[in-house]
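Worth saying up front: this structure is predicted, and the values here are computed from it rather than measured. Order of appearance sets the numbers: ligands from 1, and atoms from 1 within every ligand. Just so you know, these numbers use all the heavy atoms, side chains as well, and skip hydrogens, waters and symmetry mates.
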Amino acid sequence: MSANNRKASRLPTSRIQFVLNSPRKIKNAQAPLRKLVGTTEGKRPGAINKNSSFSLKKKNTVSIIGNKNVRSVPQKASLSNGRSIPFESSYTKKAPPTNGSFKNVRSRIQYPPPPPPLPLPPSPTKILKEQSAALKAHLQELYKEKEYYATINAQKQNEIQEIRRAQEEYIEEIENKNQRIIEVQAHRKELEGEIETVMQQTDILLVEKKELISKIDSHKNELETKQNTIKQQAETIESNSNYIQELTSNLQDRERERRDLHNLLQDLKGNIRVFCRVRPPLPSESNDLAVLKFPKELPVNKRISIASIKINYLGKKREQFKDYEFDQVFDHEATQKDVFNEVSHVVQSVVDGYNGCIFAYGQTGAGKTYTMAGPSDPTPETEGMIPRAVGLIYDLMQNLKAQHWKFKMEGQFIEIYNDSIRDLLAINPSSSSNIKYKTAHDENTGTTQILNARTVNLDSPETLNRVLKAATQNRAVAATKCNARSSRSHSVFMIRLIGTNENLNETRVGSLNLIDLAGSERLSKSESKGNQLQEAKHINSSLSHLKTVIEGIRKDSSHVNFRDSPLTWLLKNSLGGKAKVLMLVNISPLEYSRSETESSLDFATHVNSTHVGSTIRKN
Ligand SMILES: Nc1ncnc2c1ncn2[C@@H]1O[C@H](COP(=O)(O)OP(=O)(O)OP(=O)(O)O)[C@@H](O)[C@H]1O
Ligand SMILES: [Mg+2]
């Protein structure tokens, strides 16, 4: 119970005035006060209850006509319009309390004076308008706020999407990394296995290393011993090398002596030497052989006799022998090697720095090409003077290397056909007929070269073989009645050898001409006609000039006309001066060829008696 109510319960019950706290509201409501509701209602008889009557007597004053025991103060009054008004917690006592019962006593509530009037509230329309405006403004703000939040929302959505994407990427990355981790783990396992193996191998290697170290140690000792030995040997070598140098210088002196003696010997033998070779009869020729004799008495192997049948005045047949003597005579049994043994002296002279000339002379089919080049399919036994000469030069060059000689060998291979020069080594032989070839003599070195002809470096036996093959193919070959493989041109293989010795500050230049002359048969016999007749005429004329030149040299004539034919002009340096000339006269063993054979032997005898150079030839 509140403090007010406690006070009220002690007040006399005859007349009680209560003041309404909101008389204006009651007035405006214009509704009769229906009842008063008090907390003491029903506490005891005579308390204000639903049967108590009351009325609004004065403004703000409620009179309650209650039962005699009305002691409670209502707390609120209910109006007929359903509203309730609370009472002020004060009261005014208008009449003194009476003793006895308050039967049908009217209580009156004295209201306090009304408060000053409140300012008039604004009109509802205005309020509504203001409220509407406020609401609109509020709504605007809300829209703005909505837009703002929509923007924020969109941003946030984007952010969320970004985050999702990033999240997906992270997830993917994590998956990849997981995968990678699995792979790495597998690889790690493999590596661990490998490490294991390597460690095992390392263990093995360590053991091996240990063994090796011990071996190295023993080798070191060995090496030390050997180094000492080497030191001793080096000392020996040094003293030996001094000795060798002495020997080399001696050797060079001996070599010079040998060279001078060899040259003297060649001079003594004669600078023009003539060999005669009889070829063996071919299987088809055994019925028609000439009578040839090779007398065995002194001088051995230097004479040949050929018989001619003479009929005396009694009609008797008689063999009459004609004797010839040369520097060497090779019968039909002589091999290529036998011939080369004698030829090799000229080759030696060429390496010594002289000019040499070896030519094969003889009628068609007498064996000139066989002697010079060898057969078309040569073997080491049958190969001719050209490959043998080059082979010997290679060997001599090799030997001289020890004496610090360096050599360069080059070659040209030409033929003189109908008095004009053709290059047998031309890369394009068909166009070589348009090229003008010219013989050029070098007076300083005393060698000869053909201008515009191809020069080949003869640096190996293989190159030489190629050169010989090419030359053989290019060589003009025309069939004649005398020999199916007849060569109708003079072929000249010109070798130039340049040797230098830096130690001795010396240079040697030598040249060697290896010549396979065209057949020397007489025109009447070869039965040549047309082109072949022309060929034969040129051949005979050039051979006749050769004979004249050699005769001129023999007579020591101051003017020898080498220019008369391309052949003699070409051989100028290798026929005159200190040149070593070797003529191989090839003869046929046939009776049918006897007159040609005699003619060749006469020519050779003529050459044999010729003096060349400073020394007079002695037999
Ligand atoms: N010493 C020999 N041993 C064996 N066969 C030989 C000998 N000399 C020549 N012949 C053979 O005789 C034939 C004629 O020889 P080759 O061709 O060398 O004569 P040629 O003098 O060069 O003739 P041409 O002047 O016509 O060229 C060839 O079949 C050759 O093989
Ligand atoms: Mg020939």
Practice item. Describe, in one word, how the ring planes of W569 and H441 are oriented to each other, choosing from parallel (under 30°), tilted (30 to 60°) and perpendicular (over 60°). Key: perpendicular

**Study point:** Contacting atoms of ligand 1, where contact means under 4.0 angstrom from a heavy atom of G367
**Key:** 8 (N), 9 (C), 15 (O), 16 (P), 18 (O), 19 (O), 20 (P), 21 (O)

Exercise for review: For the Mg ion (ligand 2), decide whether Y370 has an N, O or S atom at a distance under 2.8 Å.
Suggested key: no

Revision key, fill the gap. Judged by heavy atoms only, the candidate from Q336, K368, E333 nearest atom 21 (O) of ligand 1 is K368

Check your understanding: Looking at ligand 1, does G365 have a heavy atom less than 4.0 Å from it?
Key -> yes

Review point. Would you say P280 and ligand 1 have an N/O pair spaced under 3.5 Å apart?
Key: no

Review point. Which pair of non-hydrogen atoms, one from C357 and one from L512, has the smallest distance, and what is that distance?
Key: N-CD1, 4.1 Å

Review point. Polar-atom distance check: A366 versus ligand 1, any N or O pair below 3.5 Å?
Key: yes

Review point. Taking only heavy atoms of Q363, which atoms of ligand 1 are found under 4.0 Å from at least one of them?
Key: 21 (O)

**Study point:** Contacting atoms of ligand 1, where contact means under 4.0 angstrom from a heavy atom of T364
**Key:** 23 (O), 24 (P), 25 (O), 26 (O)

Check your understanding: Does a side-chain N-to-carboxylate-O contact under 4.0 Å join E443 and K572?
Key -> yes

Review point. Is the shortest distance from a Lys or Arg side-chain nitrogen in R279 or E285 to a carboxylate oxygen in the other one below 4.0 Å?
Key: yes

Practice item. Looking only at distances, please establish whether an N/O atom of ligand 1 is found under 3.5 Å from an N/O atom of T369. Key: yes

Practice item. Would you please say whether a donor-acceptor pair under 3.5 Å links the side chains of Q348 and D352? Key: yes

Revision key, fill the gap. Under 4.0 Å from one or more heavy atoms of R277, ligand 1 contributes atoms 1 (N)

Check your understanding: Are a donor atom and an acceptor atom from the side chains of T463 and S460 found within less than 3.5 Å of each other?
Key -> yes

Check your understanding: Does some non-hydrogen atom of G362 fall short of 4.0 Å from ligand 1?
Key -> no

Review point. Between R594 and E598, is there a salt bridge with N-O shorter than 4.0 Å?
Key: yes

Practice item. Check ligand 1 against G519 and write out every atom of the ligand that is under 4.0 Å from a heavy-atom position of the residue. Key: 25 (O)

Practice item. Before accepting this row, confirm whether a basic side-chain N of the pair K302/E325 lies closer than 4.0 Å to the acidic partner's carboxylate O. Key: no

